[in-house]
Amino acid sequence: MILNISLSRILALVIFLYSGASVSAQLIFSPNAEPIDLADESYGNKAIRMVVNTAGEPVVSFGASGNLFVSKWSNEDGAFGTPIAIDPSEDIYMSDAEGPRMAAQGDFLVITYQISGNWTAGARSVQSWDGGASWSEPTGMVSNVSEDHFMPCVAIDDEGNPFAGVKVGNNTDNIFEGILRSADSGQTWLPAVNASDVADGESVCECCPSQPFWANNRYYDLVRNNNENVRDFWLLSSSNGEIWDAAIDVDPLDWQLNSCPESGATVTGPVQASEWITAFMSAGGPSGQSRVYVSALDLNANNGQGEWISTQAVTNSQFESATQNNPVLSQWEGADGHKILALAWEQNSGGYDIQLTISNGTNWSFTDLAQNITGEWSGQHRRPVVAFSTNSDGTPLLHLAWQKSSSGTVRYLTGTIESTSNIVQAVNPDPLVIENAFGTILDTKGNWDGSLWGLWTAEGRLLDSGRVMSGEVLHFPNHTRPAHAILSLESTAGIRWAKHLFHE
């Protein structure tokens, strides 16, 4: 793409550098150009999903009521192609939360979706073996059943066989998470097995999409559970895809709600060693508002069944009255093994905008580091999707698409990842942090005098706060705080810094 950054975009970038969090080595998204409409409004903008093929070309699925389309970027043409209609003779159920899903393994892509009104046997799948350039005829995923099999959400295992989470049941009091598997690359599908039986409670949320994924030679599925209206996320797993004998609660917020939130989880990993992370929306935190949280999981623990490590909010002090939803995660890995993580979400602060935060994979943190990607443009910007590819020079290229409600189109933006230290001299150098068996010592080295400090739980509850006196060295004993905590600073100029603290 031609570099054509507007003056307002440059000014927004500079403002972020001088008022954002973590100013000395913060990673930021730097757009290559102004955003474009992926297609005109006649194609719709519901249920946006995105993957990247082996050529680094983004493939995006989306649509309008009853109609599903796929459009692939062409590196040769430098543009998205005319959208391809999927199963055009059918009335496809299109919903932002519950609509079609897409997964990729190299150039093998799979889309799963539901035929409107056919909730028992209306689950369908299509495949592409050429990176999204062409698509197969649809395959029925379910047959000879009497219960609803709703909202298939797809992933692909290491042998190139898709599997999908689906909500099974006609009664919301006992709907379970079913797993459909294919043994022939999606040409046929096996009957659903019960994957959520060992989770607490009698049902799962009937309208929250699943997040199946393959890792550590196991099948996993992240599901919003329903245990007497406690809407926590659980990690389900199986060694063979047939017997799902493990379930752990990866969400400590215990959000109690007597209706389905219609919001799912996103996952990426490993970010380091066997650690994976998942992001989700919950209103069970201290703010009482819909906020995005990130949980870390150790998938090597308990013989691959997994173990919850921690949960932290993406907002402690950066946003006070905003509501957040629909988080998406993506990860890039360089030839040297270095990893970069991207987390995007929609946020309503008197209008919907897309927030994005970038972090290094090692010692990752997303807390209070968000860029407002769409703040300079009018209209409502919602439901982002993100994916990484690699530039010809080996650096990461981030692809971002979202729903612009006022125009009815899918907007697309791409750009590079930059370090603030490469663009502008840091205003406030990071303080010196020393952690030992007794606690944490924070030496601001005189650079943060007068700043407000805050000590937070990983879930975003303020434990203690104060103001940094001239030359003051702060001490936070381990016995006065939980094992996982967030330490933050905010200068009188509004510059923020935050660090995740941990002790055994």
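Treat the numbers as computed from the prediction; the structure is a model and nothing was measured.
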Q: For the residue pair Arg231 and Asn229, confirm or rule out a side-chain donor-acceptor distance under 3.5 Å.
A: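 Looking only at side-chain atoms, Asn229 and Arg231 do form a donor-acceptor pair, the distance falling under 3.5 Å.
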Q: Hey, mind stepping through Arg224 and Asp232 against salt bridge (charged side-chain N to carboxylate O under 4.0 Å, His left out) and telling me if it holds?
A: CA-CA 6 Å; Arg224 194 188 287 275; Asp232 281 347; over 6 Å; no
Q: State which residues pass salt bridge (charged side-chain N to carboxylate O under 4.0 Å, His left out) with Lys72; sequence neighbours excluded, sorted by chain then number.
A: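 Glu57.
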Q: Counting distance only, does the side-chain N/O of Asp96 pair as donor-acceptor with the main-chain N or O of Ala47 below 3.5 Å?
A: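 Judged by distance alone, yes, a pair lies under 3.5 Å.
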Q: Can you tell me if Ser290 and Asn325 form a side-chain donor-acceptor pair at under 3.5 Å?
A: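 Side-chain D/A pair, Ser290 to Asn325: absent.
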Q: Return yes if a side-chain donor-acceptor contact under 3.5 Å exists between Arg291 and Gln289, otherwise no.
A: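 The answer is yes; a qualifying pair exists.
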Q: Side chains of Gln127 and Ser125: do they bring a donor and an acceptor to under 3.5 Å?
A: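 Checked: Gln127/Ser125 side chains pair up, N/O donor to acceptor below 3.5 Å.
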Q: Please check if the side chain of Glu418 supplies one atom and the backbone of Leu27 the other of a donor-acceptor pair under 3.5 Å.
A: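 A pair under 3.5 Å: no.
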Q: One pair to check against ring pair (Phe, Tyr, Trp, His ring centres under 6.0 Å): Trp214 and Tyr219. What are the steps and the verdict?
A: CA-CA 5 Å; Trp214 173 265; Tyr219 296 87; 4.8 Å; yes
Q: Name all residues meeting the ring pair (Phe, Tyr, Trp, His ring centres under 6.0 Å) criterion together with Phe80; count only those two or more places apart in sequence or in a different chain, and write none if there are none.
A: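 Here the qualifying residues are Trp73, Tyr412.
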Q: So does Lys167 pair up with Asp148, basic N to acidic O under 4.0 Å?
A: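 Salt bridge between Lys167 and Asp148, a charged N being under 4.0 Å from a carboxylate O: no.
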Q: Under a plain distance cut-off of 3.5 Å, with no hydrogens placed, do Glu177 and Ser196 share a side-chain donor-acceptor pair?
A: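 No donor-acceptor contact under 3.5 Å links the two side chains.
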Q: Among Ile92, Val126, Ile84, whose side chain to side chain contact (heavy atoms under 4.5 Å, CB included) with Leu68 holds?
A: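 By the side chain to side chain contact (heavy atoms under 4.5 Å, CB included) criterion, Leu68 pairs with just one of Ile92, Val126, Ile84: Ile92.
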Q: Would you say the side chains of Glu147 and Asn170 form a donor-acceptor pair under 3.5 Å?
A: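 Their side chains do not contain a donor-acceptor pair, so the 3.5 Å distance test is not met.
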Q: With a 3.5 Å cut-off and no angle check, do the side chains of Asp40 and Ser42 form a donor-acceptor pair?
A: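 Present: a donor and an acceptor within the cut-off.
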Q: What pairs with Tyr93 under ring pair (Phe, Tyr, Trp, His ring centres under 6.0 Å), at least two apart in sequence or on another chain?
A: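 Tyr93: ring pair (Phe, Tyr, Trp, His ring centres under 6.0 Å) contacts with Trp119, Phe150.
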Q: State, without any angle test, whether Ser203 and Asn226 hold a side-chain donor-acceptor pair at a distance under 3.5 Å.
A: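 Yes.
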Q: Between the side chain of Thr278 and the main-chain N/O of Thr266, is any donor-acceptor distance below 3.5 Å?
A: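 Present.
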